[in-house]
Amino acid sequence: VTVSVLSTGRKVVARSKVGFSSMEDAYLRDGRSKLYELTQKKTFSLTGDPNFAINSNLKTGPCYGKDGDFCITDPALETGSCNVGGSFVDDAASTHEPASLDVQSSLDLCGVEKGFGILAFQAWIVKDHNQHILDGKEMAWLDSQLPGATVTESKNCYDLSSDPNRDIDNLHEGCKEMEGHALMVVAELSSNKKVVG
C-alpha cells in the first residue's frame, strides 16, 4: 500500500498485491490493484488489462496503470502525474458525462488534470486478510448454489498473484492435500468476469 499526500490537498492510497517495483523496468500483473482518494472517499477500480496494472520503473516512484493513471514521476518522490482512464476507472463514473469522464476522474483522484507535487509519501506492507478474489456477496451467492459446500470457510491453496514465476507446479503442489474436500478454481479474467469451476 502506498499513501501520497498531494499538493492539491488530495490523499491517494494505492493498493497492490504484488508491490510496485521489480529488479527491472517492466509491467507487473495485478488484477486486484485499486486506487482510493481519502478526502472524498472515492474508489478507482482496475478495468483495463491486469498485465499492465503496475508500471515498475527503476528511475521513478510507483506508477499505476498502462498509461500512467497515477504516477510519482521522479526519483526524489516530489512530483506526480494523473491520467485516470487508461487502466483504472472512477467507481462513481456513471454520474459523469462520457465526454469528460477521464478528465473528471483525474480531477476526482488528484485534484488536477495532470501534474501535482508530493507533500508526503509512505509505503506500507500490510497483511492481506482478504485472500479471496470473490467478495462477501459473491461468496454468499456461491454458497447458496453449491449444496454441501461452504465457500466462506474455504482455504486458499494457490494464488496466482503470489506466484511470480506463474508456475503450474506450484498450483499442483499447493492443492494436492484435498482429502474430504472439493477443489474449487476461481479465475478473474481480463474481461473483469469471475469464473468458478
Side-chain angles (χ1 to χ4, degrees), residues 1-3 12-36 43-72 86-89 91 121-197:
V1 173
T2 62
V3 182
V12 177
V13 174
R15 177 187 78 194
S16 170
K17 178 84 172 165
V18 299
F20 55 83
S21 63
S22 66
M23 298 306 291
E24 59 184 327
D25 291 348
Y27 283 102
L28 304 175
R29 177 184 174 81
D30 187 354
R32 287 187 260 171
S33 58
K34 193 160 187 162
L35 301 172
Y36 306 85
T43 57
F44 300 78
S45 295
L46 179 69
T47 58
D49 186 340
N51 287 310
F52 301 103
I54 314 293
N55 184 354
S56 175
N57 184 328
L58 299 177
K59 295 182 179 87
T60 68
C63 186
Y64 299 86
K66 182 177 183 182
D67 299 319
D69 293 62
F70 179 78
C71 294
I72 298 179
S87 296
F88 292 85
V89 149
D91 290 343
F121 175 83
Q122 293 181 340
W124 305 344
I125 297 174
V126 297
K127 180 158 180 60
D128 182 8
H129 292 285
N130 182 12
Q131 297 182 16
H132 300 284
I133 294 172
L134 304 178
D135 64 29
K137 288 180 183 177
E138 292 167 330
M139 291 180 87
W141 178 84
L142 202 52
D143 269 347
S144 73
Q145 301 300 308
L146 298 169
T150 310
V151 179
T152 52
E153 296 175 8
S154 64
K155 176 184 104 172
N156 192 344
C157 63
Y158 177 80
D159 189 339
L160 181 65
S161 68
S162 301
D163 185 359
N165 297 324
R166 302 173 69 89
D167 187 345
I168 192 70
D169 291 339
N170 294 334
L171 168 64
H172 292 293
E173 180 64 29
C175 300
K176 69 181 181 183
E177 301 295 328
M178 296 185 27
E179 190 170 329
H181 296 86
L183 178 65
M184 183 182 322
V185 177
V186 181
E188 186 170 20
L189 311 181
S190 59
S191 63
N192 289 318
K193 299 290 187 188
K194 296 177 184 176
V195 178
V196 179

Under the criterion side chain to side chain contact (heavy atoms under 4.5 Å, CB included), I'd like the reasoning laid out for Tyr64 against Ile54: C-alpha separation, chi angles, the key distance, then a yes or no. CA-CA 5 Å; Tyr64 299 86; Ile54 314 293; 3.3 Å; yes
Heavy-atom pair of closest approach, residues Ser33 and Phe88: OG-CZ, 3.5 Å
Taking atom types as modelled, is there a side-chain donor on Asp49 or Asn51 under 3.5 Å from an acceptor on the other? yes
What are the two closest heavy atoms between Phe44 and Asp91, and how far apart are they? N-OD2, 4.0 Å
Sidechain-backbone polar pair: Asp69 side chain, Ser87 backbone, donor-acceptor under 3.5 Å: yes
More than 12 heavy atoms of other residues, nucleotides or ligands under 6.0 Å from NZ of Lys34: yes or no? yes
Shortest non-hydrogen separation from Pro62 to Thr2 and the atoms involved: CG-CG2, 4.1 Å
Straight-line distance of Leu28 CG to Phe52 CZ, nearest 0.5 Å: 11.5 Å
Closest non-hydrogen atom pair between Asp25 and Leu58, with its separation: OD1-N, 2.7 Å
The reported gap from OH in Tyr27 to SG in Cys63 (rounded to nearest 0.5 angstrom) is 7.5 Å
Rounded to the nearest 0.5 Å, how far does CG of Leu46 lie from CG of Leu35? 9.0 Å
